[in-house]
Every structure is written in structure tokens, then in C-alpha cells.
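Working notes, structure below.
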Amino acid sequence: MDTDIDIWQPVSRSSPDKFDLLENQELEKFLTKTGVFESQEESSKREEVLGRLDQIVKTWVKNLSRAKGYSESIVDEANAKLFTFGSYRLGVHGPGADIDTLCVGPNYASRSEDFFGGLQKMLSEMPEVEELHPITEAYVPVMKFKFNGVSIDLLYANVSLSCIPEDLDISQDSILQNVDPKTVRSLNGCRVTDLILRLVPNVKTFRTALKCMRLWAKQRGVYSNVSGFLGGINLALLVARVCQMYPNAIPSMLVTRFFRVYDQWRWPLPVMLCPVEEGSLGLQIWDPRTNCMDKLHRMPIITPAYPSMNSSYNVSASTLQFMVQEFHRGNEICRDGCV
């Protein structure tokens, strides 16, 4: 998709002044006070749970390959790999938040019979696992459960590889070859999250600003993708775009720029972090020039990884109007110096 290169240039490269630095200190104190940061103990527990879960999926694939009659050499090489995405991977999760995870397995380990069969049974028999709920018919099939008290959303992608290398790079478009649509959607959660982190000029600044905007959206009642408002991925993309526009800004500056930018945004002009790739695999991408349904989207916020999609297709005329009012309210408050 052809795009004017000028729109990818920063709006301003201005660095913070003394006043900005003082405001930023106050912002970070406020975020700490509101409890958006988890404790070191909880952080360590999450890492332990992920390590244990990684061991479990590796054991599952080895057992599966043996059950399918593969040779011991193939069983020895059999592997699955665990990835994280969403708020945890972005580094903006709060205390008690679930962890979005993706298990990537080999081509012979099916979703329906093996993931929602053998692995589900394996998990159900573990004393650490509670509240196990498979949702097999979802747009993106998922297993939800708690592992040692930590909430997990586990997706599955069986890619067209007979052996999953430990250094598997799912950012390459080739990982999408010869897989079904549910696998494409499962993979793209991780692909989008990782690409966002690569496209922002300063990850630490992005994370602090995003934590602030997530808190704002929840406080103002506009945090719900299902209800036609802003979900976690939508907010991440909106904040990331502002970071690109003001690459040297610190979080307090980005908060005011966020409201200024989106108060003036001419919807349905799409928010994009990079040009939309046509790709070579023939997968459908967001393109209002060729897809009449894409023309109807009221607040397009486009995911950067191929195949690019509109992450905010649930937005309606009424929810857009409400969010525009909230952007304007935020801009007015910031302009009056009342943050």
C-alpha cells in the first residue's frame, strides 16, 4: 500500500526542559501510588510459572511424538516453544493481570486433538492447575486456567515445521506459510507485540506512558475492546504512534501529546506505525481501497505485523463520539495545566 513518506517523520524532536522533568517525576510518583506496578515477589512468581509451563509443553510434545510412533532420535529433538504477548510482553501489566501466552508446536501436533486433547488432559491432572476452561470455538481458540494462582491465557500454533528450534523467530513472515487462519491469528498476537517494541524509539518511555493511558482509559470508562472502546492493543498502538511523532519526549510530555494528537485526529484516518505490507503469501490485509467492509471502519487502528488488520473494528458511531469527547476533555485539562 503506497503511503506518503512524510507522515512517518517526527513532528518534533524537542527534548524535555526542567518543567517537563519535574512533571515527569510527579507522574511517576502518581503511578506508583495508584498501584500499577507489581511487586518483585509477584514478578518472580510469574517467571517461575512461565518456566514451569515451558517445561510442560516440551514434555507434552515429546510424549506426543513417542505416542505417534516416531523414532527415538525424533523424540529427542521434539520441541515446543512458549512465547508471551499482550500487556505482559509489553511490560505494562499490573498486579493480578493474566499472562497471554502462545505455545508453538510442530506440524504433527494438532490443535483439536492434541492441544485441546492431550495437553488439556495433562494440565487438568496437575494440582497446580485450577479453573481450566478450554474455549475451542473462539475466533482465537484459547485455554484459560490458573497455574499456582497466576492466570494464564494459552493459545496454540502448529506451524509447518516438524521440529521447533529453541531459537525460533516468529517475526519472519515465512512462519505463516501453510497454516490455517486460526494459527495466523494466534501467531499475530506475538508478532504484533514484538514489532511494536521494535518500532517505538524508547521502550522504557513508551511503557510508562502506556501504563498512564491504560489507567486513564479504565478510570474514564473507555477501556473495553469488546464494548467498542479501547482495548490493550488499541491503546498500545495509539501511544506507540505518539512516541514515534515525539521521539525525544518523556512520559509526562507524551501524555499531553497523546490528548493533543487524538483530539485533533481526523477519523477515520487510520493510525499506523508503519506502511501496510502487501506480503507475498496472499493473506487478506486491511485495505479500504479493495475491501468494502474496511471502508466502514470508523476508527482504524492498524496492527503493524503482516497481515495487518484493524484492531478496533468494534468501534461504533456512538463509542467513537464518546471517545472523541474524552480525548477533547483530556486535551483541555492538559492545556490548562491541571494534570
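Just so you know, these numbers come straight off a predicted model, no measurement behind them.
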Would you indicate whether [X], at its atom [atom1], is surrounded by more than 12 heavy atoms from other residues, nucleotides or ligands within a distance under 6.0 Å?
X    : atom1 : answer
K68  : NZ    : yes
R13  : CZ    : no
K204 : NZ    : no

Minimum heavy-atom separation for [X] and [Y], please, with both atom names.
X    : Y    : value
S151 : K146 : OG-CE, 3.5 Å
N107 : S162 : OD1-CA, 3.6 Å
L64  : A109 : CD2-CB, 3.4 Å
P270 : W265 : O-CZ2, 3.5 Å
V61  : A78  : CG1-CB, 3.8 Å
A209 : V239 : CB-CG1, 4.0 Å

Could you list the residues that satisfy side-chain contact (heavy atoms from CB on, under 4.5 Å) with [X], not counting sequence neighbours?
X    : value
P16  : D20, L21, I250, M253
T84  : L50, Y88, R89, I99, T101
E41  : S39
Y313 : H297, N310

Are [X] and [Y] connected, step by step, through hydrophobic side chains (Ile, Leu, Val, Met, Phe, Trp, Tyr) whose heavy atoms are closer than 4.5 Å?
X    : Y    : result
Y108 : I175 : no
V184 : V276 : yes
L254 : I196 : yes
L119 : V159 : no
W60  : L102 : no

Sequence neighbours excluded, the answer for salt bridge (Lys or Arg N to Asp or Glu O under 4.0 Å) partners of R220 is E326

Please list, chain by chain and in numerical order, all residues satisfying salt bridge (Lys or Arg N to Asp or Glu O under 4.0 Å) with E48, sequence neighbours excluded.
none

Name the residue from V192, L90, L187, L155 that meets the side chain to side chain contact (heavy atoms under 4.5 Å, CB included) definition with F85.
L155

Have a look at V150 and tell me which of E42, K45, E128 forms a side chain to side chain contact (heavy atoms under 4.5 Å, CB included) with it.
K45

Let me confirm one number: the [atom1]-[atom2] distance from [X] to [Y], rounded to the nearest 0.5 Å.
X    : Y    : atom1 : atom2 : result
N178 : L161 : CG    : CG    : 10.0 Å
H328 : I333 : NE2   : CD1   : 10.5 Å
Q244 : Q9   : CD    : CD    : 11.0 Å
R257 : N331 : CZ    : CG    : 11.0 Å
W267 : L269 : CH2   : CG    : 8.0 Å
L195 : C274 : CG    : SG    : 5.5 Å

Got a donor-acceptor contact below 3.5 angstrom from the [X] side chain to the [Y] backbone?
X    : Y    : value
D294 : D287 : yes
R191 : S171 : yes
S124 : K121 : yes
S312 : M299 : yes
K218 : Y223 : no
S227 : S224 : no
N24  : S252 : yes
D100 : G189 : no

Candidate pair M213 and L238, rule side-chain contact (heavy atoms from CB on, under 4.5 Å), full reasoning:
CA-CA 10 Å; M213 300 320 304; L238 292 178; over 6 Å; no

If we only count heavy atoms from C-beta on, is the [X] to [Y] side-chain gap below 4.5 Å?
X    : Y    : answer
N158 : V179 : no
D173 : S280 : no
Q325 : F322 : yes
M143 : L123 : yes
Y306 : N188 : no
N79  : P165 : no
V261 : M245 : yes
E278 : I285 : yes

Going by the angle between their ring planes, with limits at 30° and 60°, are Y262 and F258 parallel, tilted or perpendicular?
perpendicular

Between F145 and F147, what is the ring plane arrangement, given parallel below 30°, perpendicular above 60°, and tilted in between?
perpendicular

Residues I301, L230; criterion side-chain contact (heavy atoms from CB on, under 4.5 Å); working and verdict
CA-CA 10 Å; I301 304 174; L230 300 171; 4.2 Å; yes

Ring-face cation contact, [Y] with [X], 6.0 Å cut, 45° max:
X    : Y    : result
R111 : Y156 : no
R185 : Y139 : yes
K81  : F83  : yes

Determine, for [X] against [Y], whether the closest basic-nitrogen to carboxylate-oxygen distance falls under 4.0 angstrom.
X    : Y    : result
D194 : R198 : no
K58  : E166 : yes
D180 : K182 : no

If you measure only the distance, is there a donor-acceptor pair under 3.5 Å linking the side chains of T319 and S316?
yes

Apply side-chain contact (heavy atoms from CB on, under 4.5 Å) to S311 and I302, showing your working.
CA-CA 6 Å; S311 66; I302 310 304; over 6 Å; no

Candidate pair F37 and K211, rule side-chain contact (heavy atoms from CB on, under 4.5 Å), full reasoning:
CA-CA 9 Å; F37 300 101; K211 277 182 176 288; 3.6 Å; yes

